[in-house]
Structure formats: C-alpha cells, structure tokens
Amino acid sequence: MSSPSIPKTQHAIVFDKNGGPLEYREIEVPEPKPTELLINVKYSGVCHTDLHAWKGDWPLPTKLPLVGGHEGAGVVVAMGENVRGWQVGDLAGIKWLNGSCMSCEACEQGHESNCPDADLSGYTHDGSFQQYATADAVQAAHIPAGTDLAQVAPILCAGITVYKALKSANLRAGNWVAISGACGGLGSLAIQYARAMGYRVLGIDGGDEKEALFRKLGGEVFVDFRKSKDVVADVVKATGGGAHGVINVSVSEAAIESSTEYVRSNGTVVLVGLPGGAKCKSDVFNHVVKSVSIVGSYVGNRADTREALDFFARGLVQCPIKVVGLSELPDIYGKMERGEVAGRYVVDTSK
Ligand code: 8ID
Ligand code: ZN
Ligand code: ZN
C-alpha cells in the first residue's frame, strides 16, 4: 500500500566515516521491507547519542555511510505487505530501538532494548535526519492524530528514556531525585516527568541560562557544578542527607562518580548518560555501608513508550525546543559538544 506522491529522492544529512564531514545530500528514498513503515519525517529531535554515533565514541560500530537521528515524528506514507495495525496517514514516531527479534529471552520478557539483535535508528539503520525513513511497524511509536510533531519529537528518545530511568529509581512521592545534567535534552524532560510523578527535584548543571530554565520547568534546588566548591556536600545538605535517587544524564565521568557519593543510603543511582570509555567508580566501603544500588537504564520498551507519550498528551511534560533546518545539524553538534544546548534542538526536515 502506498500513496502516489512519494518522491524518488530526498534530502538527508549523511556521513561516510565517523567524525568525517556531515553532508546535506540528495539521496534515494528507501523502500520499506514487508514488516516496515515508510514515514515522511517532518521533525526530528537531536540527541547527544547522535553526536556520539557520528564521532564513533562507543565500542559498537555504526553502519556507514549513515543517516543519524532517532527522535523522528512524521506521517505514514507507505507500508510493507505484512504490516498490521497501521494506516497510511497515521502519525508515527521513529525511536532508537527501530526493531528487535521478538523471540530471544530479553524480547520475550519485554526488555526489547536489550535484544542482542536490536536494530538501532541512526546507528545500525538509517534514521530520522532524512525526509523519508523506514521503521519496523511493531516498534514504531503510535502518535495520536492532531499531535504537534515538533513538540512530540523529543519524547521519542529523551522522554521515554528519562521516564523509564525514573521508574528504575524505585522512588516514592515526596522523595528527592537529583538530575545530573538537568538542563540538556534528557534532563529538561526528566525534571518534568519527576514532578508529574510526585518527586522533589534537585538539578545539577552549569551556567545561568541553564539555571533559569531549571526554575522555569519547576525544579526546586539548583546546584551549579561550575560555581559550587563541593557538589556532593551541596546535594547532601539540600536534600537533608542525600538524594533518594539520581538520574545521571550528563556526559561526564566525574559527575557520575560524585553521584555515588551524594545518593542517600538505600538509594538508587541510575546510569543513563554514555560518555565514551567511562567507568562508574564507586567506593566499596561507602557502597556497602550505605547499601546503595547502581543500575543502568537503556531507553524503554513499548509500554514505556505508550506511557511516556501519555504524560505528553495530558500536557504534563513539554520539552523546551528550538526548531531549525535539518541542514544546520553540524552547528547543533558544535553547540552540544560545548555544553551550550539548553533543552532540545529539533530539526525541520524540509529545510
Ligand atoms: O537509553 C539511554 N541510556 C540513553 C538515551 C538517550 C541518551 C542515553 N543517552 C545519553 C546520550 O548518549 C548522552 O550521553 O545521555 C546523555 C545525555 O544526552 P542529552 O540529554 O541528549 O545531552 P545534552 O542535551 O548534551 O545534555 C547534557 C547536559 O549535561 C550537562 C551539560 O551542561 C548538558 O546540559 N553536564 C555536563 I556535559 N557535565 C556536567 C557535570 N559535570 C553536566 N551537568 C552536571 N555536571
Ligand atoms: Zn537519544
Ligand atoms: Zn530479541
């Protein structure tokens, strides 16, 4: 099933080698496999993971040449013959987890992101920095009709990820959650999901623009890691003994290490940010005597996706976005590298 208006070629940002030029090119529109949707991507969020993928920061190789992007929001324009549950014209989201095998132990138990055969948008599968992208019909996110596609885009990775990470912290209403890297893309949504889930929010990030954003989004206590003489002491004091949970969404090994010190006894440190080559160092004496848990959290499954989108649809979370043309992606990567992005950049694939 397909609509006649699909062009043969389209615009995309492509790189041929990790760290090489990011070229705004005309490429062919891909054909959906029997199990895939073809989505006309209108907007895509720009996640720090896209920057890691371009630079080749991680031990897992990317496909090359690669079209990055995994927060794509658009309209279904065609689909393979085996697709069920979708119609041409539906709104659909492209997530980091493009598809998984659905038959291994991880998939069977709903841990699809941990599937050893996971296919990743903007990493092993050309992603949303193009006007037409393919997505596995089982994993693609269902976006309600009438949704603002620019606003919803960051929910498709950042929103799902921080919502799942907050669940992984096992908190109760009224508990303190510290968000380290609070005013980047993931952090600015984590503040709002945490509030909606009934937690008290302490944010750690750097600079006056980030502090102003933190307050605007309803955070309670801000610690500026560039101004503070002792981040650990400041967090312990403000929370009356340490944060019950920590969501690490900075791209800093040192920040991750300090979170193991300011977490409260019996609290949970959640690792989300993925600085290349980093180790999480935790002092064993402190770890044991305070009976701390350190857990990793990796995007979310289909249920987390539906739930994260539901918070958005009810108006409880709204990512602070700046919309620019897709061709400006290299400038966004520069700003992101320097820690200058407050909230999320979203690219309009038509420009
Ligand atoms: O499923 C996952 N685990 C997942 C999903 C999506 C993204 C993991 N990630 C990873 C990304 O790959 C990246 O490593 O989460 C990390 C954050 O992604 P992002 O939110 O898209 O990045 P950003 O917008 O650049 O925000 C990072 C923030 O961290 C702050 C920066 O100022 C920025 O606001 N930050 C840094 I860098 N160092 C800090 C420090 N020492 C710090 N904040 C506090 N203390
Ligand atoms: Zn992402
Ligand atoms: Zn699997």
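All ligand and atom numbering here is 1-based and tracks the order in the structure.
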Hey, is [X] close enough to [Y] for a salt bridge, meaning N to O under 4.0 Å?
X: R306; Y: D310; result: no
X: D234; Y: K229; result: no
X: K8; Y: E28; result: no
X: E337; Y: K55; result: yes
X: R195; Y: E220; result: no
X: E307; Y: K167; result: yes
X: D283; Y: K290; result: no

Would you say [X] has any N or O atom under 3.5 Å from an N or O of ligand 1, going by distance alone?
X: L271; answer: no
X: S250; answer: no
X: V341; answer: no
X: V299; answer: yes
X: S180; answer: no

Does the plane of the ring in [X] sit parallel, tilted or perpendicular to the ring in [Y]? Use 30° and 60° as the thresholds.
X: H11; Y: Y24; value: parallel
X: F222; Y: F214; value: tilted
X: Y163; Y: Y193; value: tilted

**Request:** Using a strict cut-off of 4.0 Å, indicate which atoms of ligand 1 neighbour a heavy atom of R344.
**Result:**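 Near R344, meaning under 4.0 Å from one of its heavy atoms, ligand 1 has 19 (P), 21 (O).
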
**Asked** Which atoms from ligand 1 have a heavy atom of A255 less than 4.0 Å away?
**Response** 40 (C), 41 (N), 45 (N)

[atom] [closest protein heavy-atom partner, distance rounded to 0.1 Å]:
atom: atom 37 (I) of ligand 1; answer: V251 N, 3.9 Å
atom: atom 17 (C) of ligand 1; answer: V249 O, 3.2 Å
atom: atom 20 (O) of ligand 1; answer: L186 N, 2.8 Å
atom: atom 26 (O) of ligand 1; answer: G184 CA, 3.3 Å
atom: atom 15 (O) of ligand 1; answer: G273 CA, 3.4 Å
atom: atom 18 (O) of ligand 1; answer: H48 CB, 3.4 Å
atom: atom 6 (C) of ligand 1; answer: C157 SG, 3.4 Å
atom: atom 8 (C) of ligand 1; answer: V272 O, 3.1 Å

**Item:** Pair Q139, E112: side-chain N/O donor-acceptor within cut-off below 3.5 Å
**Value:** yes

**Request:** Indicate whether the side chain of Y123 and that of W96 have a donor and an acceptor atom separated by less than 3.5 Å.
**Result:** no

**Request:** Give, rounded to 10 degrees, the angle between SG (C101) and SG (C115) as seen from the Zn ion (ligand 3).
**Result:** 110°

**Complete:** Angle subtended at the Zn ion (ligand 3) by C107 SG and C104 SG, to the nearest 10 degrees, is 110°

**Request:** Measure the distances from the heavy atoms of C47 to every atom of ligand 1 and state whether one is below 4.0 angstrom.
**Result:** yes

**Heavy atom of K210, distance to ligand 1 below 4.0 Å** = yes

Just to be sure I read this right, does ligand 1 sit under 4.0 Å from the backbone of [X], its side chain, both, or neither, counting only heavy atoms?
X: Y298; answer: both
X: W58; answer: side chain
X: S252; answer: side chain
X: A342; answer: neither

**Prompt:** Is the side chain of S128 donor-acceptor paired with the backbone N or O of H70 at a distance under 3.5 Å, no angle test?
**Reply:**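 It does hold such a pair.
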
**Item:** Side-chain (D16) to main-chain (P21) donor-acceptor, under 3.5 angstrom
**Value:**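 Not at all, since once roles are kept as given, no pair shorter than 3.5 Å links the two residues.
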
Going by heavy-atom distance to [atom], choose the closest among [options].
atom: atom 28 (C) of ligand 1; options: L97, T49, D205; result: D205
atom: atom 2 (C) of ligand 1; options: I204, T161, D224; result: T161
atom: atom 14 (O) of ligand 1; options: H52, M336, E340; result: H52

**Request:** Please calculate the SG(C157)-the Zn ion (ligand 2)-SG(C47) angle and round it to 10 degrees.
**Result:** 130°

**Message:** Could you check, using the six-membered ring where one of them is a Trp, whether W176 and Y199 have ring centers closer than 6.0 angstrom?
**Reply:** no

**Asked** So which of the N, O or S atoms of H70 lies nearest the Zn ion (ligand 2)?
**Response**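 Closest to the Zn ion (ligand 2) among those atoms: NE2.
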
**Asked** F312 ring centre to R314 NZ or CZ under 6.0 Å, with the angle to the axis within 45°?
**Response** no

